[in-house]
Amino acid sequence: MEKNGILEGTVIWLYGAPYSGKTTFTTKFSRPAVLSLDGNAKFALGEDGKPAFKPEDIYVAKTLDKLNKAYSAILAKNDQYDTLIIDPLDIIEQMVRYKVLDDAGVDDESDAGDFGKGWRLVREGTKKLLSQIVRQFEGTVVMISWEDEYTETDRLGREVSKFRPAINPKLLTDISGLTTMIVRAKIVEDKTGKHYALSIQDKATEYGGTRISLNKTLVPNNFDKFMANIKN
């Protein structure tokens, strides 16, 4: 069975700088439920300038308890939704952090036990929660993240700008393991001007990858062209 033309169970991690076209891309996915962790989904507009999502399909959750309740409500209506959008994913780690600190009765991870116990509990809790969400939802999951631009020094001593999702770097591998595709939304410029695009590790400086065969690693930020770029 397929939804959106992508096999069920597909998980797309989409990241990018502000106003790079992340939310615009997700508005084209079929029958979406939006787990809005910052409450901004109601402001998202479609290409026609109208609200991109129906109010009844937006589930606002600004605490971990409310997130769990919202997700349970989404699962209860699973037959109504083909797509789950988590926006932004980055906030989940902070929700888990507050829960861990509250349970331990401390203000900082360093006070939650020896040998980095606090930090470990936050990372493990975040990974566990995301794993459950990805495993339980039957359609396509799209996780949206902000972008982190950082600098590394290459072999020649030159500073190189690189890009990755703005999540705790120690969680990058764990979350990547849950995904089918990691995509960077960005603005590219050529002789005809500036264009919104989707990069699947089109450049070595961009964090990304895919388990699905693609024709190209850089496509216009357009749902139909994105789908047409998937082989078979």
Side-chain angles (χ1 to χ4, degrees), residues 1-36 41 44-54 57-59 74 77-89 130 133-147 163-165 175-190 192-204 206-232:
M1 183 176 181
E2 294 187 3
K3 296 184 177 183
N4 297 315
I6 303 177
L7 289 174
E8 287 187 27
T10 297
V11 181
I12 298 173
W13 192 2
L14 176 68
Y15 73 98
Y19 308 109
S20 59
K22 300 186 296 298
T23 303
T24 300
F25 173 64
T26 65
T27 61
K28 293 298 184 180
F29 279 78
S30 172
R31 300 199 305 167
V34 186
L35 195 53
S36 180
L45 300 177
E47 294 178 353
D48 57 2
K50 297 180 180 180
F53 306 112
K54 298 177 182 178
D57 295 332
I58 299 174
Y59 299 78
I74 292 172
K77 301 178 181 179
N78 187 67
D79 60 337
Q80 298 181 25
Y81 298 120
D82 297 335
T83 310
L84 172 64
I85 300 170
I86 305 173
D87 184 19
L89 169 69
L130 286 174
I133 291 174
V134 167
R135 185 172 63 250
Q136 292 173 344
F137 190 77
E138 295 181 357
T140 300
V141 178
V142 183
M143 307 184 299
I144 300 177
S145 275
W146 301 312
E147 177 175 284
F163 306 91
R164 64 190 175 194
I175 299 177
S176 297
L178 302 174
T179 67
T180 312
M181 187 184 302
I182 302 173
V183 182
R184 181 188 178 213
K186 64 179 183 179
I187 298 175
V188 297
E189 187 171 4
D190 58 23
T192 62
K194 294 182 178 180
H195 311 278
Y196 291 95
L198 300 171
S199 168
I200 305 90
Q201 204 176 28
D202 183 60
K203 297 183 180 299
E206 299 173 337
Y207 192 86
T210 178
R211 303 181 197 277
I212 298 175
S213 297
L214 304 175
N215 293 306
K216 299 179 181 179
T217 56
L218 183 68
V219 295
N221 189 333
N222 175 280
F223 181 80
D224 292 333
K225 291 182 179 179
F226 172 82
M227 293 301 303
N229 190 49
I230 298 175
K231 291 183 179 180
N232 301 321

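Predicted model only: the values in this text are computed from it and were never measured.
Counted by atom type alone, D57 and Y81 present one or more donor-acceptor pairs between their side chains at under 3.5 Å. No side-chain N or O of S176 forms a donor-acceptor pair with one of W13 less than 3.5 Å apart.
The minimum heavy-atom distance between A44 and F53, with the atom names listed, is CB-CE1, 3.9 Å. The shortest non-hydrogen separation linking A41 to V34 is CB-CG1, 3.7 Å. Of all non-hydrogen atoms in G9 and T180, the two that sit nearest each other are O-OG1, 4.0 Å. Of all non-hydrogen atoms in L198 and P220, the two that sit nearest each other are CD1-O, 4.1 Å. Here the closest non-hydrogen pair linking M181 and L214 is CE-CD2, 4.0 Å. Shortest non-hydrogen contact noted between Y59 and A33 is CE1-CB, 4.3 Å.
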What's the verdict on side-chain contact (heavy atoms from CB on, under 4.5 Å) for Q201 and V183, showing C-alpha distance, side-chain angles and the deciding distance? CA-CA 7 Å; Q201 204 176 28; V183 182; over 6 Å; no
Under the side-chain contact (heavy atoms from CB on, under 4.5 Å) rule, what do I86 and I144 come out as? Steps first, then yes or no, please. CA-CA 6 Å; I86 305 173; I144 300 177; over 6 Å; no
So S36 and D87, side-chain contact (heavy atoms from CB on, under 4.5 Å) or not? Walk me through it. CA-CA 5 Å; S36 180; D87 184 19; 5.8 Å; no
Should K186 and E206 be marked as a salt bridge (charged side-chain N to carboxylate O under 4.0 Å, His left out) after you check the CA-CA gap, both sets of side-chain angles, and the distance that decides it? CA-CA 11 Å; K186 64 179 183 179; E206 299 173 337; 2.7 Å; yes
Taking it one step at a time, do I133 and L84 satisfy side-chain contact (heavy atoms from CB on, under 4.5 Å)? CA-CA 9 Å; I133 291 174; L84 172 64; 3.6 Å; yes
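D190 places a side-chain heavy atom less than 4.5 Å from the side chain of H195. Side-chain contact between I85 and L35 is absent, with no heavy atoms from C-beta onward closer than 4.5 Å. Between V141 and T10 the shortest side-chain heavy-atom distance does not fall below 4.5 Å. Taking the side chain as every heavy atom from C-beta outward, S145 and L89 approach each other to under 4.5 Å. At a threshold of 4.5 Å between non-hydrogen side-chain atoms, the residues F137 and I74 count as touching.
Considering CG of N222 and CE of M227, their distance stands at 11.5 Å, rounded to 0.5 Å. Between T27 atom OG1 and L45 atom CG the span is 9.5 Å, to the nearest 0.5 Å. Interatomic distance, K216 NZ to D202 CG, rounded to the nearest 0.5 Å: 11.0 Å. Separation of atoms OG1 (T210) and CG (N229) is listed at 9.5 Å; rounding is to 0.5 Å. With values rounded to the nearest 0.5 angstrom, L14 atom CG is found 8.0 Å from I12 atom CD1. A distance of 7.5 Å separates CG of D224 from NZ of K28, quoted to the nearest 0.5 Å.
Under the 3.5 Å distance criterion, the side-chain polar atoms of Y15 are matched with a main-chain donor or acceptor of Y207. The backbone N or O of A17 lies less than 3.5 Å from a partner atom in the side chain of K22, making a donor-acceptor pair. In this structure, R135 contributes its side chain and L130 its backbone to no donor-acceptor pair below 3.5 Å.
Between F29 and F226, the angle of the ring planes lies from 30° to 60°, which puts this pair in the tilted group.
Of the residues T83, T140, D82, the one that meets the side-chain hydrogen bond (donor to acceptor under 3.5 Å, both in side chains) test with S30 is D82.
Remark: R184 is positioned above the aromatic ring of F163, its terminal NZ or CZ atom under 6.0 angstrom from the ring centre and at most 45 degrees off the axis.
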